[in-house]
Amino acid sequence: MLDHLDAVLLARIQFAFTVSFHFIFPSFSIGLASYLAVLEGLWLKTGKSVYLDLFRYWLKIFAVVFAMGVVSGIVMSYQFGTNWSVFSVKTGPVLGPLMAYEVLTAFFLEAGFLGVMLFGMSKVGRKLHFAATCMVALGTFISATWILSVNSWMQTPTGFDINAAGQFVPAGSWLDIIFNPSFPYRLAHTLIASYLTTALVVGAVGAWHLLKDRTNPFARKMFSMAMWMAALVAPIQIFAGDLHGLNTLQHQPAKVMAMEGHYESHPDGAPLILFGIPNSAEKRVDYAIEIPKASSLILKHDPNAPLAGLDTIPDDQEPPVGIVFWSFRVMVGLGFAMLGLGVISLVARARGSLYDWPLLHRLAILMGPTGFVAVIAGWITTEVGRQPWTVYGQLLTGQSHSPLAAPAVAASLTAFVIVYFAVFGAGVWYLLKLMGQTPRAHETPPPQVPIRSAGITPAPALDGAPGPAE
């Protein structure tokens, strides 16, 4: 039976499955690392122990999330050699160095300071520990930068030539490759999504503990910080998403056509299809609920501006409309729901009921996992909307895979599904257990560690007084 399956389709499913798991954890660790840096910085500035206790509370969670992100990322890299070797050979001269830069800068930075961040609170000075926390947060940012540069180049390839062997090779400046046309928009959109995702999780945990004890100072503080983040960042994310969409329309118009469900061109203004059922066989959206000319208004800022449809794209180059159409709506719908949560929290704050409104707390708990759903939906929109290309307009997916038989790919896919649900299912269960623990005050603050304890012997003071200590 396996002989009748499509090896390319199975390889695509395998990569989609593993990257979906992987994407969840870095999107959380990026935001959580920055949140930890903010908490520790506020503790150093104000001296209030509530920030230190929250730092310790979320540090354990960060350690588990970071570990699962690293493990799930390692698996993905092997698939380039097993399932997509042709892609690796053809794009290696361009993408290989970018991936190496990610390891040499971000991964080494994270690995070098992570141990100090996790275990050095009582072993090094406070300022040095804070510097380590900031370096880990910076490392997650740099890692995202390189990875998104790689993926953005696949979406909008620039700065390359194709040699006699059919390989993509750099031509001119590496800056043209790194800062390709879609990179700034995708970097901003993804990083903001990570911060918003983290804020929703922190808000959900704070709301959960407020429902049990609305006087808990740690739950109140984390919930307040998270709701400020949601209220401020959600509108920024919607604005960044709009800019990203306009950039996509310029460089990947077929993707936007699929997102909008525009099978036909509209010379006098295109409608905004809110909902419907894409019918690719008949080239229409059945049961469409639409707003006339609104799509042209959003994309061209002119309700009468013409918009091309998928009838201008060869059938064999059309992305799967149904998947892209619905994943885009899930992402956008959840984005506006996040905006709504932020607005409601502002109303509650103005009324003085931020910590005493159970309905808001239950809504925040319900919204807790939506950041992850929106991130995955956005990734599906981006990656499926690029099909049938691995390098947009240059290299087809069907020309990128390894010469593997379907049974081999199916066997590894089955193994991945079983192992991932077992291992990462246990990891998620443990994370939820950690989040369910009531945040409490620690008995003693970390000691002021002398410089000598870090292996540095201070010079003796000239006046006979003790040497300097941190």
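Every value quoted in this text rests on a predicted model; they were computed, and no experiment measured them.
- A search for salt bridge (Lys or Arg N to Asp or Glu O under 4.0 Å) contacts involving Glu102 returns nothing, not counting sequence neighbours.
- Applying the ring pair (Phe, Tyr, Trp, His ring centres under 6.0 Å) criterion to Phe416, with sequence neighbours excluded, gives Tyr420.
- Side-chain contact between Tyr392 and His251 is absent, with no heavy atoms from C-beta onward closer than 4.5 Å.
- Residues Phe372 and Phe28 place their aromatic rings such that the two centres sit under 6.0 Å apart.
- Ring centers of Phe80 and Phe15: under 6.0 Å apart, within the cut-off.
- In this structure, the side chains of Val375 and Ile24 stay at 4.5 Å or more apart for every pair of heavy atoms.
- With sequence neighbours left out, Thr133 forms a side-chain hydrogen bond (donor to acceptor under 3.5 Å, both in side chains) with Glu40.
- The side chain to side chain donor-acceptor pair (under 3.5 Å) pairs that include a residue from residues 168-177 number zero, where partners must be two or more places apart or lie in different chains.
- Contacts classified as ring pair (Phe, Tyr, Trp, His ring centres under 6.0 Å) and involving residues 130-150 (residues at least two apart or in different chains) are given here: Tyr101-Trp146.
- Taking all atoms of both residues into account, the shortest heavy-atom contact from Ile238 to Gly335 is CD1-O, 4.3 Å.
- Ring geometry, Phe183 versus Phe179: the interplanar angle exceeds 60°, so the pair is classed perpendicular (tilted spans 30 to 60°).
- In this structure, Ser194 has no side-chain hydrogen bond (donor to acceptor under 3.5 Å, both in side chains) partners at least two apart in sequence or on a different chain.
- Among residue pairs with one or both ends in residues 19-32, those qualifying as side chain to side chain donor-acceptor pair (under 3.5 Å) are His22-Ser72; sequence neighbours excluded.
- Two residues are said to be in side-chain contact when any heavy atoms from C-beta on lie closer than 4.5 Å; Val65 and Trp58 fail this criterion.
- Contact annotation: the side chain of Met331 never approaches that of Ile376 to less than 4.5 Å [non-hydrogen atoms, C-beta and beyond].
- Residues Phe223 and His361 bring their aromatic ring centres within 6.0 Å.
- Applying the salt bridge (charged side-chain N to carboxylate O under 4.0 Å, His left out) definition to pairs two or more places apart or across chains, those involving residues 212-233 are Arg214-Asp356.
- Counting all heavy atoms, side chain and backbone alike, His129 lies closest to Val116 at CD2-O, 3.2 Å.
- Here Arg186 contributes atom CZ and Thr248 contributes atom OG1; the two are 8.0 Å apart, rounded to the nearest 0.5 Å.
- Side-chain rings of Phe17 and Phe21 approach one another, their centers coming within less than 6.0 Å.
- Screening residues 226-237 for side chain to side chain donor-acceptor pair (under 3.5 Å) gives His189-Gln237 as the qualifying pairs, with residues at least two apart or on separate chains.
- Residues Met435 and Trp208 fail the side-chain proximity criterion, which asks for heavy atoms closer than 4.5 Å.
- For residues 365-388, the pairs satisfying side chain to side chain donor-acceptor pair (under 3.5 Å) are Asn151-Glu383, Gln155-Glu383, Ser327-Thr381, Glu383-Arg386, Gln387-Thr397, with sequence neighbours left out.
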Name every donor-acceptor pair, under 3.5 Å, that has one atom in a side chain of residues 426-434 and the other anywhere in the protein, sequence neighbours excluded.
none

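- Contact record, Gly69 with Pro26: CA-CD, 4.4 Å, taken as the closest heavy-atom pair.
- For Glu110, there are no salt bridge (Lys or Arg N to Asp or Glu O under 4.0 Å) partners, not counting sequence neighbours.
- Within the 4.5 Å cutoff, the side chain of Gln79 has heavy atoms near those of the Thr18 side chain.
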